[in-house]
Amino acid sequence: MKYEYQEKNPGNSTDTNDQSDKPYNIDSVSQNSRNDSPDEFDRHISSCKPKPQWKIARQRSLRRRIAAILSGGTVLFLLVFLIHNFRFGSVQPVPLLNEDWVTVSLLPENQYSRPGIRINQINAVVVHYVGNPGTTAEENRSYFAGLATSGATYASSHFIIGLDGEILQCVPMDEVAYCSNSRNYDTISIECCHPGEDGAFTSDTYSSLIRLLRTLCQMYHLSEEDILRHYDVSGKSCPLYYVEHEDAWEQLKTDVFS
């Protein structure tokens, strides 16, 4: 490619460096004879020189490899995430069980009964009995709430089921309740009221317990083996009736999944 030089002042006969009749190659153009900046000049020159085919092919191959790696990594991440959530469940979908058969009556946040410590994953549900024959769900909830001021001990439960089958939720399901010893940090706890010293539940209490266990197992993808007694965690005789009557405990778990 050649350019023709045109003199800015063709009428000036005194110019001794008249090059108007001399064609010249682009390689002979000096940077100062153009109005381009240094960077623009370099890009202009570079654009006139085609890249070798081997370099173009290598760049295309590299782009394809990067795209394949990113695509494969995204698919792998999504697959692992879905498998993890399906197998282990999670603390969500909800911290509160907003059902018309559950009354949400949360304890005040305090270090003795509702410390506000988050649970990262729910792996089981632990069943308890209150150990105070004839007491109601509300009375046991009031005892837990009173610990905020008395500081007598550390105790609470996510749910309390009363003698008539009423269910109170005292602690969100994504927070720790002080009820199940070493399993406080990955389980949901249920305290059940009972009329007698033997710890046997009323039919209403039993029915509500089955309903609540079934709902929680569905929410957190739990199996029959994930329903525990306090006894299974620490060896304490709780819930008493279902420690002393293994057949009744096995029937209870069967009823949940029947």
Side-chain angles (χ1 to χ4, degrees), residues 91-119 122 124-181 183-196 199-220 222 226-230 233 236 238-242 252 255-256:
V91 171
Q92 296 303 322
V94 291
L96 303 178
L97 197 56
N98 292 317
E99 303 285 352
D100 56 8
W101 41 274
V102 175
T103 299
V104 177
S105 183
L106 298 181
L107 302 173
E109 288 198 28
N110 68 93
Q111 62 178 318
Y112 296 100
S113 57
R114 188 189 165 194
I117 301 172
R118 295 293 174 180
I119 296 179
I122 299 299
V125 181
V126 184
V127 178
H128 304 252
Y129 83 140
V130 296
N132 297 310
T135 57
T136 67
E138 184 57 44
E139 287 172 337
N140 283 279
R141 188 247 175 227
S142 295
Y143 170 73
F144 292 147
L147 294 175
T149 54
S150 71
T153 187
Y154 296 88
S156 59
S157 182
H158 290 94
F159 296 94
I160 305 173
I161 303 179
L163 298 171
D164 295 324
E166 69 275 22
I167 302 176
L168 303 182
Q169 181 172 4
C170 303
V171 178
M173 291 181 289
D174 61 354
E175 293 183 19
V176 165
Y178 289 139
C179 201
S180 304
N181 302 93
R183 299 302 300 272
N184 286 335
Y185 298 91
D186 73 332
T187 63
I188 291 174
S189 53
I190 304 172
E191 286 276 7
C192 297
C193 297
H194 49 94
F201 302 156
T202 66
S203 59
D204 289 335
T205 301
Y206 186 88
S207 296
S208 292
L209 176 60
I210 296 301
R211 186 179 193 181
L212 180 57
L213 286 171
R214 183 178 294 137
T215 300
L216 295 174
C217 287
Q218 290 173 350
M219 288 177 60
Y220 296 106
L222 304 177
D226 299 321
I227 300 176
L228 307 175
R229 298 166 294 184
H230 193 181
V233 175
K236 181 179 179 179
C238 172
L240 180 61
Y241 183 83
Y242 294 96
L252 184 150
D255 290 344
V256 172

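- Not one N or O on the side chain of Ser189 forms a donor-acceptor pair closer than 3.5 Å with the backbone of Ser180.
- Interatomic distance, Leu168 CG to Ser142 OG, rounded to the nearest 0.5 Å: 9.5 Å.
- Between Met173 and Leu216, the shortest heavy-atom contact is SD-CD2, 3.6 Å.
- Checking side-chain atoms of Asn110 against main-chain N and O of Pro108 turns up a donor-acceptor pair under 3.5 Å.
- Between Ile167 and Ile190, the closest side-chain pair of non-hydrogen atoms is not below 4.5 Å.
- Side-chain atoms of Glu166 come within 3.5 Å of backbone atoms of Asp164 as a donor-acceptor pair (strictly under, hydrogens ignored).
- Taking every heavy atom of both residues into account, Ile119 and Tyr185 meet most closely at CG2-O, 3.5 Å.
- Counting only distance, with no hydrogens or angles, the side chain of Thr153 and the backbone of Ala155 share no donor-acceptor pair below 3.5 Å.
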Let's go through Ser156 and Leu107 carefully: what are the C-alpha distance in whole Å and the side-chain angles of both, what is the deciding distance for side chain to side chain contact (heavy atoms under 4.5 Å, CB included) to 0.1 Å, and is it a yes or a no? CA-CA 9 Å; Ser156 59; Leu107 302 173; 3.9 Å; yes
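- Here the CG atom belonging to Leu228 is positioned 9.0 Å from the NE2 atom belonging to His128, to the nearest 0.5 angstrom.
- At least one side-chain heavy atom of Ile188 sits under 4.5 Å from a side-chain heavy atom of Phe159.
- Using a distance-only test at 3.5 Å, with no hydrogens or angles considered, no donor-acceptor pair links the side chain of Arg118 to the main chain of Glu175.
- Shortest non-hydrogen contact noted between Ser157 and Val171 is O-CG2, 3.7 Å.
- Checking side-chain atoms of Glu139 against main-chain N and O of Thr136 turns up a donor-acceptor pair under 3.5 Å.
- Without hydrogens or angle criteria, Thr202 side chain to Leu163 main chain gives a donor-acceptor distance under 3.5 Å.
- A distance of 5.0 Å separates CG of Asn140 from SG of Cys193, quoted to the nearest 0.5 Å.
- In this structure the side chain of Pro172 reaches within 4.5 angstrom of the side chain of Arg114, judged on heavy atoms.
- Aromatic ring centroids of His194 and Phe201 lie 6.0 Å or more apart.
- In this structure, Leu209 and Val127 have side chains that are in contact, with non-hydrogen atoms separated by less than 4.5 Å.
- Counted within 6.0 Å of OH on Tyr241, heavy atoms from surrounding residues, nucleotides or ligands total 12 or fewer; the atom is thus considered open.
- Side-chain atoms of Arg229 never come within 3.5 Å of backbone atoms of Pro239 as a donor-acceptor pair (strictly under, hydrogens ignored).
- Here the straight-line distance linking atom SG of Cys170 with atom CZ of Phe144 works out to 7.0 Å at 0.5 Å rounding.
- Among Ile161, Leu96, Leu97, the one residue that satisfies the side chain to side chain contact (heavy atoms under 4.5 Å, CB included) test with Val102 is Leu97.
- In this structure the side chain of Thr149 never reaches within 4.5 angstrom of the side chain of Tyr112, judged on heavy atoms.
- The backbone N or O of Thr205 lies less than 3.5 Å from no partner atom in the side chain of Ser208, so there is not a single donor-acceptor pair.
- The distance from atom CG of Leu222 to atom OG1 of Thr187, rounded to the nearest 0.5 Å, is 10.5 Å.
- With hydrogens and angles disregarded, no donor-acceptor distance shorter than 3.5 Å links the side chain of Asp226 to the backbone of Val125.
- Sorted by first then second residue, the side-chain hydrogen bond (donor to acceptor under 3.5 Å, both in side chains) pairs that include residues 97-109, not counting sequence neighbours, are Ser105-Arg141.
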Chi angles and distances behind the side chain to side chain donor-acceptor pair (under 3.5 Å) call for Asp255, Tyr206: CA-CA 10 Å; Asp255 290 344; Tyr206 186 88; 2.6 Å; yes
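- The distance from atom NE2 of His158 to atom CD of Gln169, rounded to the nearest 0.5 Å, is 8.0 Å.
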Can Thr215 and Tyr220 be said to form a side chain to side chain contact (heavy atoms under 4.5 Å, CB included), step by step? CA-CA 9 Å; Thr215 300; Tyr220 296 106; over 6 Å; no
